[in-house]
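Chain A is the first sequence line, chain B the second, and so forth, proteins listed ahead of strands; every chain is numbered from 1.
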Number of protein chains: 2
Amino acid sequence: MDPHGAHPSSKPLLETLTARLRNMAHRLTTPRRDILDALRRGAHPMSHRQIHSALRGSCDLATVYRSVHLLESAGLVQRFDLGDGVRRYELLGEDGHGHHHHLVCRRCDRVVELLECFAPELEQRVASQSGYSGVTHRLEFFGTCPACQSA
Amino acid sequence: MDPHGAHPSSKPLLETLTARLRNMAHRLTTPRRDILDALRRGAHPMSHRQIHSALRGSCDLATVYRSVHLLESAGLVQRFDLGDGVRRYELLGEDGHGHHHHLVCRRCDRVVELLECFAPELEQRVASQSGYSGVTHRLEFFGTCPACQSA
DNA sequence: CACCACCTGCAAATCGTTTGCATTTTTTCC
DNA sequence: GGAAAAAATGCAAACGATTTGCAGGTGGTG
Ligand SMILES: [Mn+2]
Ligand SMILES: [Mn+2]
Ligand SMILES: [Zn+2]
Ligand SMILES: [Zn+2]
């Protein structure tokens with residue numbers, strides 16, 4: 001595994017993403033297309049602020065918040081919570097394909113993308129034992145990266 | 001499993017907790033003792049605000065924030081992030097004993113305490129594959145509780 | 001019981017995020 | 001292509017959680 005590696009999976013075409021958005025009966029606006037494109041280029045989860053800077057001010061920060069909300073409810077992006085109070089987002093494949101987790105350095109915030117998801121069978125067990133339905137999970141790892149260990 | 005069940009493990013004595021705090025070279029103040037006691041009584045992770053109300057205003061909310069910080073760095077409490085922007089805390093046993101996870105209803109926020117922790121072997125694997133050290137994890141489950149399913 | 005380092009209350013500041021409203025865009029339909 | 005309706009944006013103000021500065025209060029030690 002490459003410690004700095006980004007998503008190895010082929011990135012979806014921007015055209016594919018905008019099509020998905022329109023299929024959900026939403027308008028395709030310039031900010032939304034640009035946000036999707038920024039996320040497509042990003043190797044790791046991006047905060048609203050990071051997305052906004054990647055857009056170089058082409059739209060307002062409030063619009064980034066509103067658009068990301070929409071993309072999330074449309075199932076195009078997934079939210080990640082890496083422990084600081086900041087929400088981060090990544091593109092999500094159709095039907096939830098592309099679900100995965102991260103390993104974050106406590107010192108320098110370096111992120112490793114973890115390709116496998118371990119927990120689906122756990123979801124099953126948790127669901128059947130509790131009676132809850134539609135069980136999902138959120139899992140992130142934390143540690144000290146090689147660089148920060150020697151420093 | 002009891003869907004509403006709280007921690008089944010025996011609760012530590014307040015005296016034990018205050019001793020642990022003092023061993024870390026920290027003062028035992030009234031707010032700190034009261035906060036430990038509130039957490040000891042709580043069945044689920046508590047937010048700063050919940051702790052503060054449990055104290056019935058006996059100390060300031062800012063003091064709750066500062067004290068919980070201290071308790072966290074002293075290893076007496078563990079932080080949980082249940083998806084809303086609010087941090088919650090539970091007592092943690094010595095040497096990290098008592099680590100566990102939760103299942104939260106997306107509709108009514110009902111919390112189920114999950115007794116087992118599945119991920120230590122995953123930590124191992126993640127650590128050896130990435131070169132990170134001191135790997136820990138954060139894992140929570142979300143779903144719809146039986147009551148909210150019928151509603 | 002006095003001292004001092006540490007802690008607390010209070011209020012203001014900070015930070016991420018949300019929202020109201022007037023204006024601009026997108027889409028639909030001629 | 002252009003007009004009209006519906007929806008999205010920009011801007012600034014509001015918000016809720018958390019942090020912080022400072023002046024006064026307290027715990028633990030000798
Ligand atoms: Mn990722
Ligand atoms: Mn718990
Ligand atoms: Zn690092
Ligand atoms: Zn519920």
One would report the end-axis bend of the helix from C/dC1-D/dG30 to C/dC30-D/dG1, five pairs per end and rounded to 10 degrees, as 40°
Integer-rounded Å distance: D/dG10 C1' and A/Leu55 CG: 14 Å
Under the side chain to side chain donor-acceptor pair (under 3.5 Å) test, which residues partner B/Gln78, sequence neighbours left out? none
Out of D/dT18, C/dC21, C/dG9, whichever nucleotide has its closest atom nearest the side chain of B/Thr63: C/dG9
Partner residues of B/Asp84 under the salt bridge (charged side-chain N to carboxylate O under 4.0 Å, His left out) criterion, sequence neighbours left out: B/Arg88
With distance as the sole criterion, do the side chain of A/Arg88 and the base of C/dG16 form a donor-acceptor contact below 3.5 Å? no
What residues form a side chain to side chain donor-acceptor pair (under 3.5 Å) with A/Asn23, not counting sequence neighbours? none
Value in whole Å for how far the P atom of D/dT18 lies from CG of B/Leu61: 9 Å
Applying side-chain hydrogen bond (donor to acceptor under 3.5 Å, both in side chains), which residue pairs with at least one partner in residues 138-148 of chain A are found, sequence neighbours left out? A/His102-A/Glu140
Given atom CZ of A/Arg66 and atom P of D/dC11, what is their separation to the nearest angstrom? 12 Å
Nearest-Å distance for atom pair NE2/C1', residues A/His52 and D/dC11: 12 Å
Calculate the interatomic distance between B/Gln50 atom CD and D/dT18 atom C1'; express it in whole Å. 16 Å
Any N/O pairs under 3.5 Å between the protein and nucleotides 12-17 of chain D? List them or say none.
| residue | atom | partner | partner atom | Å |
| --- | --- | --- | --- | --- |
| D/dA17 | OP2 | B/Arg49 | NH2 | 3.1 |

Hey, are A/Asp37 and A/Arg41 close enough for a salt bridge, meaning a charged N less than 4.0 Å from a carboxylate O? yes
Using the test side chain to side chain contact (heavy atoms under 4.5 Å, CB included), find all partners of B/Thr16 that sit at least two apart in sequence or belong to another chain. B/Leu13
For the pair made of CZ in A/Arg32 and C1' in C/dT24, what is the distance, rounded to whole Å? 14 Å
Side chains of residues 64-73 of chain B: which donor-acceptor partners sit under 3.5 Å, not counting sequence neighbours?
| residue | atom | partner | partner atom | Å |
| --- | --- | --- | --- | --- |
| B/Ser67 | OG | B/Thr63 | O | 2.8 |
| B/Ser73 | OG | B/His69 | O | 3.4 |
| B/Ser73 | OG | B/Leu70 | O | 3.0 |

All salt bridge (charged side-chain N to carboxylate O under 4.0 Å, His left out) counterparts of A/Arg27, not counting sequence neighbours: none
Rounded distance (Å) that lies between atom P of D/dA8 and atom CD1 of A/Ile35: 13 Å
Identify, with sequence neighbours excluded, every residue that meets salt bridge (charged side-chain N to carboxylate O under 4.0 Å, His left out) alongside A/Arg125. B/Glu116
Residue list, ring-ring contact (aromatic ring centres under 6.0 Å, His included) with A/Tyr89, at least two apart or on another chain: A/His48
Side chain B/His97, main chain B/Asp95, donor-acceptor under 3.5 Å: no
When every nucleotide of nucleotides 24-30 of chain D is labelled 5' to 3' by its protein contacts under 4.0 Å (heavy atoms), B for base, S for sugar-phosphate only, - for none, what sequence of letters results? --BBS--
Does a side-chain N or O of B/His69 approach OP1 or OP2 of D/dT19 to a distance below 4.0 Å, or not? yes
